[in-house]
Amino acid sequence: MARKFKVAVLPGDGIGPEIMEQALKALDAVGEKFSHEFEATEALFGGIAIDKTGEPLPKETIEICKQSDAILGGAVGGPKWDHVEQNLRPEAGLLALRKQFGLFANLRPVKLYPALIDNSTLKKEVIGGMDIMIVRELTGGIYFGQPKGIMESGTKGINTMVYTVEEVERVAKVAFEIALKRKKKLCSVDKSNVLEVSRLWRNTVEKLAKQFPEVELSHLYVDNAAMQLVRNPRQFDVIVTGNMFGDILSDEASMLSGSLGMLPSAAIGGKIGFFEPVHGSAPDIAGQGKANPCAMVCSVGMMLKYAFDLNEGHKAVDNAVSTALAKGFRCADIAKPGEKTVGTREMGQAILKEI
Ligand code: NAD
């Protein structure tokens, strides 16, 4: 059945607009293939929004997002705005957007494209077949807990890790539900041997597990989880963890697959989800037509699946990226020395052809 969706498009800074252009072409191609209509409305976000309006997340952008079914983001930030006041920096816009739309669960898939198996620093036999979904809590924990600050005349710094049962339950529920649709294995990561807040985390996840008897639940301390991710990443299906542990583990896991330029993400939990690549605005290569658009295109794939329930569209995008890679198309970030490389547009075109 043909459906219609509204998408707020926030290209952002640096390579954001270049990769977004290719992602929107892929979205249109999916629309054509499956007879759906996607109405994209562009809005200012990040550094470019600071330049034009004085703030990273202008009210008009929030309004456009509110009237949409999903938000697609490029990346924000760059040296030009590094001197801007902390609460007006591009990254502050990102935090404000997550808060505004209640995006408490960050989904980061880490999978290996067979064509890129040699790109990882790990041995083939360790990473072959790896397919992990990390679910990171995004709006609580030590990054937000009070008290925080530098006090006692600059001699003491404090941050506080806080989680409520409700905060743990809602993110764990997302993780259990995702596990149900995958290999039905969930690993909850905490530091409950040392931290009280982690004991609450673990108890809450244990209780919730009774509602998901089909899912096999395990627990790991975060230090062990960091080690297991490089020792034997294939043991994992879905991982759920708090904000800071998830921040660190997902960056570690992202390198298993070879390049930042391949990794999409989703922030969900509210009425509207936010879909963006894991990487930043790559100011060092911005405007040169070199950026790898795959992570951005795969973020469109995640939007199709998690915001619109269009699983066929998601598969079409994922398969297209996989086939383009298998046919030998490589942007500079994923090419081996001496290998022929293509630019952002050619890579986008190669993916489009496969959709
Ligand atoms: P980055 O991810 O932008 O770049 C790190 C390295 O990876 C660079 O060498 C870059 O060229 C390369 N790279 C990243 N994406 C690529 C792609 N698609 N294709 C090819 N190469 C790619 O990280 P950074 O340099 O630490 O940060 C740059 C800016 O981005 C900073 O202002 C930072 O705050 C911001 N940032 C934004 C987000 C976001 O919008 N969600 C996330 C991370 C960083």
Side-chain angles (χ1 to χ4, degrees), residues 9-23 26 43-51 56-57 61 71-99 101 103 106-108 113 116 119 136 138-139 143 243 246-248 250-252 254-255 257-267 273-300 302 321 324-325 329-336 339 341-348 350-351:
V9 175
L10 319 181
D13 309 314
I15 60 169
E18 301 166 47
I19 53 173
M20 185 65 85
E21 192 186 328
Q22 303 311 316
L44 294 171
F45 184 47
I48 187 169
I50 297 174
D51 288 351
L57 179 61
T61 299
I71 310 166
L72 206 51
V76 296
K80 185 176 175 195
W81 303 282
D82 279 351
H83 59 279
V84 177
E85 213 179 297
Q86 189 72 18
N87 63 336
L88 285 179
R89 284 178 59 148
E91 294 80 358
L94 204 53
L95 292 183
L97 187 89
R98 289 172 184 165
K99 264 267 179 284
F101 291 99
L103 305 174
N106 186 203
L107 275 43
R108 283 203 189 184
Y113 290 93
L116 298 185
N119 283 45
R136 164 190 168 195
L138 202 57
T139 53
Y143 296 164
N243 205 342
D247 193 1
I248 299 166
S250 57
D251 263 26
E252 182 195 3
S254 71
M255 271 301 105
S257 67
S259 172
L260 263 179
M262 295 304 304
L263 298 162
S265 79
F274 180 57
F275 302 84
E276 59 165 349
V278 165
H279 62 72
S281 59
D284 52 336
I285 56 165
Q288 299 173 25
K290 280 194 212 166
N292 184 352
C294 288
M296 187 70 245
V297 173
C298 291
S299 302
V300 163
M302 289 193 84
V321 171
L325 293 171
F329 289 91
R330 298 281 186 279
C331 286
D333 62 314
I334 51 172
K336 282 186 269 180
E339 215 169 20
T341 62
V342 297
T344 314
R345 286 221 172 110
E346 288 156 285
M347 191 64 165
I351 297 169

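Numbers here are sequence positions counted from 1. Numbering of ligands and ligand atoms starts at 1, following listing order. This one's a predicted model, so the numbers in the text were calculated from it and none came from an experiment.
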So, [X] side chain and [Y] main chain: donor-acceptor pair closer than 3.5 Å or not?
{"X": "Thr341", "Y": "Ala332", "value": "no"}
{"X": "Ser299", "Y": "Ala295", "value": "yes"}
{"X": "Gln288", "Y": "Asp284", "value": "yes"}
{"X": "Ser265", "Y": "Arg108", "value": "no"}
{"X": "Asn243", "Y": "Leu138", "value": "yes"}

query: With respect to atom 37 (C) of ligand 1, which of Leu10, Val76, Asp333 exhibits the smallest heavy-atom separation?
result: Val76
- prompt: Of the choices Ile334, Asp13, Ile15, which has the non-hydrogen atom that lies closest to atom 16 (C) of ligand 1?
  reply: Ile15
- prompt: Taking the non-hydrogen atoms of Cys331, is any one of them nearer than 4.0 angstrom to ligand 1?
  reply: no
Residue-ligand contact Ser281/ligand 1, heavy atom below 4.0 Å: yes
Ligand-side contact atoms (ligand 1) for residue partner [X], heavy atom cut-off under 4.0 Å:
{"X": "Gly77", "value": "32 (O)"}
{"X": "Ala291", "value": "19 (N)"}
{"X": "Gly78", "value": "32 (O)"}

statement: In Asp51, Ile48, Ile50, the residue satisfying side chain to side chain contact (heavy atoms under 4.5 Å, CB included) with Lys80 is Asp51
- prompt: What residue among Leu116, Asn292, Val342 forms side chain to side chain contact (heavy atoms under 4.5 Å, CB included) with Arg330?
  reply: Leu116
Ligand 1 contact on [X] by region, counting heavy-atom pairs under 4.0 Å:
{"X": "Ile285", "result": "side chain"}
{"X": "Pro283", "result": "side chain"}
{"X": "Asn292", "result": "both"}
{"X": "Glu276", "result": "side chain"}
{"X": "Leu94", "result": "side chain"}

Tell me, which protein residue and heavy-atom name are nearest [atom], and how many Å apart are they?
{"atom": "atom 11 (O) of ligand 1", "answer": "Asp284 OD1, 2.8 Å"}
{"atom": "atom 2 (O) of ligand 1", "answer": "Gly280 N, 2.7 Å"}
{"atom": "atom 31 (C) of ligand 1", "answer": "Glu91 OE2, 4.0 Å"}
{"atom": "atom 6 (C) of ligand 1", "answer": "Leu260 CD1, 4.5 Å"}
{"atom": "atom 15 (N) of ligand 1", "answer": "His279 CG, 3.1 Å"}

field: For the student: nearest non-hydrogen atoms of Gly73 and Met296, plus distance
entry: O-CE, 3.2 Å
Verify [atom]: protein non-hydrogen atom under 4.0 angstrom away:
{"atom": "atom 26 (O) of ligand 1", "result": "no"}
{"atom": "atom 9 (O) of ligand 1", "result": "yes"}
{"atom": "atom 33 (C) of ligand 1", "result": "yes"}

Does any N/O atom on [X] come nearer than 3.5 Å to any N/O atom on ligand 1?
{"X": "Val278", "result": "no"}
{"X": "Lys290", "result": "no"}
{"X": "Ala75", "result": "no"}
{"X": "Ala282", "result": "yes"}

query: Without hydrogens or angle criteria, can the side chains of Asn119 and Tyr113 be said to hold a donor-acceptor pair below 3.5 Å?
result: no
Ile285 side, atom CD1; Ile15 side, atom CD1 - distance, nearest 0.5 Å: 5.0 Å
message: Within this structure, what is the NZ-CG distance for the pair Lys99 and Leu95, rounded to the nearest 0.5 Å?
response: 8.5 Å
message: Let's go through Cys298 and Met262 carefully: what are the C-alpha distance in whole Å and the side-chain angles of both, what is the deciding distance for side-chain contact (heavy atoms from CB on, under 4.5 Å) to 0.1 Å, and is it a yes or a no?
response: CA-CA 8 Å; Cys298 291; Met262 295 304 304; 5.6 Å; no
- prompt: Taking it one step at a time, do Val300 and Met20 satisfy side-chain contact (heavy atoms from CB on, under 4.5 Å)?
  reply: CA-CA 10 Å; Val300 163; Met20 185 65 85; over 6 Å; no
- prompt: Can we say Glu21 and Arg345 salt-bridge, meaning some charged N sits less than 4.0 Å from an Asp/Glu carboxylate O?
  reply: yes
